[in-house]
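First up is the structure itself, then whatever we jot down about it.
Order of listing sets the numbers, starting from 1, for every ligand and every atom in it.
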Amino acid sequence: MTGAKTFPPGFLWGAATSAYQIEGSPLADGAGPSNWHQFSHNPGNITHNDHGDLACDHYHRYAEDVELMREMGLKAYRFSIAWNRIFPEGRGTLNTKGLDFYRRLLDRLTDAGIQPNVTLHHWDLPLALADQGGWTHRDSAHWFADYAHAIFRELGGQVRQWATLNEPWVIAHEGYVQGTHPPGLRELPKARLATHNLLRGHGLAVQAFRADGGEGEIGLVVNLEPKYAATEHSEDQSAVARMHAWMNRQYLDPVFLGHYPEELAHIHGRDFTDFPEGDYSLIQTPIDFLGINYYSRSVVTSAPGLLPFHADRVRQMQSPHTAMDWEVFPEGLTSCLLWVKRRYGEIPLYITENGGAFDDPAPIKGRVADPDRVAYFREHLLAAQAAIAAGVNLKGYFAWSLLDNFEWAFGYSKRFGLIQVDYASQTRTLKDSALFYRRVIESHGAELWR
Ligand code: FCB
């Protein structure tokens, strides 16, 4: 129904989290340490030296949290599995107690009628594997596929929707270029290796899923950000092309078209080498859906820097910004969805993350007023609907995030939750945005136009 103000029947309304950001108890029940456990305990890496030892204590409070999801009327919940709970050493002996936590969570979700959407890797890598070079080791793709295979076998009966990786660009860029995530390096050639092995691991995991006759669907989650040039100068225009290739096309071109963008040769310069031909058909193994995480756009200007493709973000003074200092730019979501359809074809899409950090007030009589977040969700859901009206096959939306949580290098200083978490008492309070989202879900979107 092109142009109609409605969401398709069966459109999935969900919210998302990830393991290290909410679970706490990172070493409980025989889990091995992860790269994020080590990184966050290393002073100076995280704002206020925060870490995930307690986080939202979801490891113990998952039942209460599923109850809150039910209260909000969520139809789906996207979460990730901590690889280091399942294989404390990354490979070898499976830790049944770690797996049992996810079984308990899945049982609760089933009872509540909430569909799970499970991500296998949302950045927390077993430290034993990180110590062997992590994603720069060519075997990492096989380590990941073996772990994925075990999970499909053990949890396949309870899960119908899988994602292999969350945002491989962030793993490579923040981990190996910016050094703000583990392993904290600034070595561009390693980013290329990590990217390639992540994508090989993704392909191998999809093949393992198919080989097992896995029921349901499997996809990949990437973060997309439209790039705009700050001026019409040719240097800024080519900075935009490089940034777009580096962040958006570097992952989707190989998965859907079987090759990396040409710009990468320029970006890597003398260090540019190619990979075995067979890798590309592996990476191109067909998937069932693509998950898109969208937060903002960036307006870039060419700037000399540490890296050959360096380009600076230019703050748009006239636009509202979130507490992350990310510009609020809903039309970028519509344009990303349309761009994916145009460039890569008719693959079913989900928005697997979208949301904003804001400085929320303390609850007053049980109410948390977060009008900026309500506006953010409203505008982005309308932007998503505009893409549907223009013919995009968008099948669902997951708000980031269910709970305030550990926002990586920013620790607990940034709050993205629909539900406020008082970390000291672990009290949860539904924010106004959660109540708004409940009305959106109940009305299957009609609330957006009220
Ligand atoms: C995304 C991550 C997610 C969260 C949001 C704000 O890049 O996937 O874990 O940190 O950003």
Side-chain angles (χ1 to χ4, degrees), residues 14-24 26 34-37 39-40 45-47 50-52 55-56 58 77-83 117-125 163-175 177-178 180-182 198 202 219-226 246-248 250-251 290-298 313 321-329 332-333 336 350-360 370 372-373 376-377 380 397-419 421 433:
T17 63
S18 89
Y20 190 74
Q21 295 182 273
I22 64 163
E23 287 176 358
S34 71
N35 60 343
W36 267 98
H37 179 69
F39 189 76
S40 60
N45 283 336
I46 312 288
T47 305
D50 288 342
H51 49 65
C56 308
H58 176 75
Y77 173 52
R78 173 176 181 246
F79 66 95
S80 76
I81 293 180
W83 181 346
N117 173 304
V118 178
T119 299
L120 294 169
H121 184 63
H122 197 128
W123 308 355
D124 39 358
L125 184 70
T164 53
L165 307 171
N166 178 71
E167 301 188 357
W169 178 79
V170 172
I171 299 174
H173 185 78
E174 302 297 335
V177 180
Q178 299 286 2
T180 53
H181 287 186
L198 280 157
H202 155 77
L220 171 71
V221 172
V222 295
N223 52 320
L224 297 181
E225 200 178 79
W246 174 252
M247 182 170 175
N248 301 321
Q250 182 169 197
Y251 297 84
L290 178 70
I292 294 171
N293 296 350
Y294 176 84
Y295 289 93
S296 186
R297 69 163 170 175
S298 61
R313 244 175 208 264
H321 284 66
T322 69
M324 299 295 284
D325 216 18
W326 296 345
E327 185 186 354
V328 178
F329 192 69
L333 175 58
C336 275
Y350 289 87
I351 294 165
T352 31
E353 288 180 26
N354 174 242
F358 296 97
D359 297 324
D360 300 321
D370 60 341
D372 292 340
R373 190 175 291 99
Y376 185 101
F377 281 128
H380 285 79
Y397 175 93
F398 293 82
W400 184 271
S401 177
L402 178 74
L403 303 165
D404 287 339
N405 61 44
F406 176 79
E407 178 47 34
W408 308 112
F410 297 89
Y412 299 100
S413 67
K414 305 293 177 197
R415 293 176 177 269
F416 276 91
L418 290 157
I419 298 175
V421 178
S433 55

Plane angle bin for Tyr350 and Phe398 - parallel if under 30°, tilted between 30 and 60°, otherwise perpendicular: tilted

Protein contact of atom 2 (C) of ligand 1 - nearest heavy atom, named by residue and atom, plus distance: Glu353 OE1, 3.3 Å

Check: Trp123 N/O within less than 3.5 Å of ligand 1 N/O: no

Proximity of Asn166 to ligand 1 by residue part, where a heavy atom lies under 4.0 Å: side chain

Flag for Arg78-Thr119: side-chain donor and acceptor within less than 3.5 Å: yes

Ligand-side contact atoms (ligand 1) for residue partner Phe416, heavy atom cut-off under 4.0 Å: 6 (C)

Close N or O approach (Trp408, ligand 1; < 3.5 Å): yes

Glu407 N/O to ligand 1 N/O under 3.5 Å: yes

Option with minimal heavy-atom separation from atom 7 (O) of ligand 1, where the choices are Glu167, Glu174, Gln21: Glu167

Polar contact flag, side-chain donor to acceptor under 3.5 angstrom, Thr17-Tyr77: yes

The single option from Phe39, Phe410, Trp36, Tyr20 passing ring pair (Phe, Tyr, Trp, His ring centres under 6.0 Å) against His181: Trp36

Lys NZ or Arg CZ of Arg373 over Phe358 ring: under 6.0 Å, within 45°: no

Ligand-side contact atoms (ligand 1) for residue partner His122, heavy atom cut-off under 4.0 Å: 2 (C), 3 (C), 8 (O), 9 (O)

Protein residue, atom and distance nearest to atom 5 (C) of ligand 1, heavy-atom basis: Tyr295 OH, 3.2 Å

Polar side-chain atom of Asn293 near backbone of Asn223 as donor-acceptor pair, under 3.5 Å: no

Candidate list Leu165, Leu198, Leu125, test side-chain contact (heavy atoms from CB on, under 4.5 Å), partner Ile171, passing option: Leu198

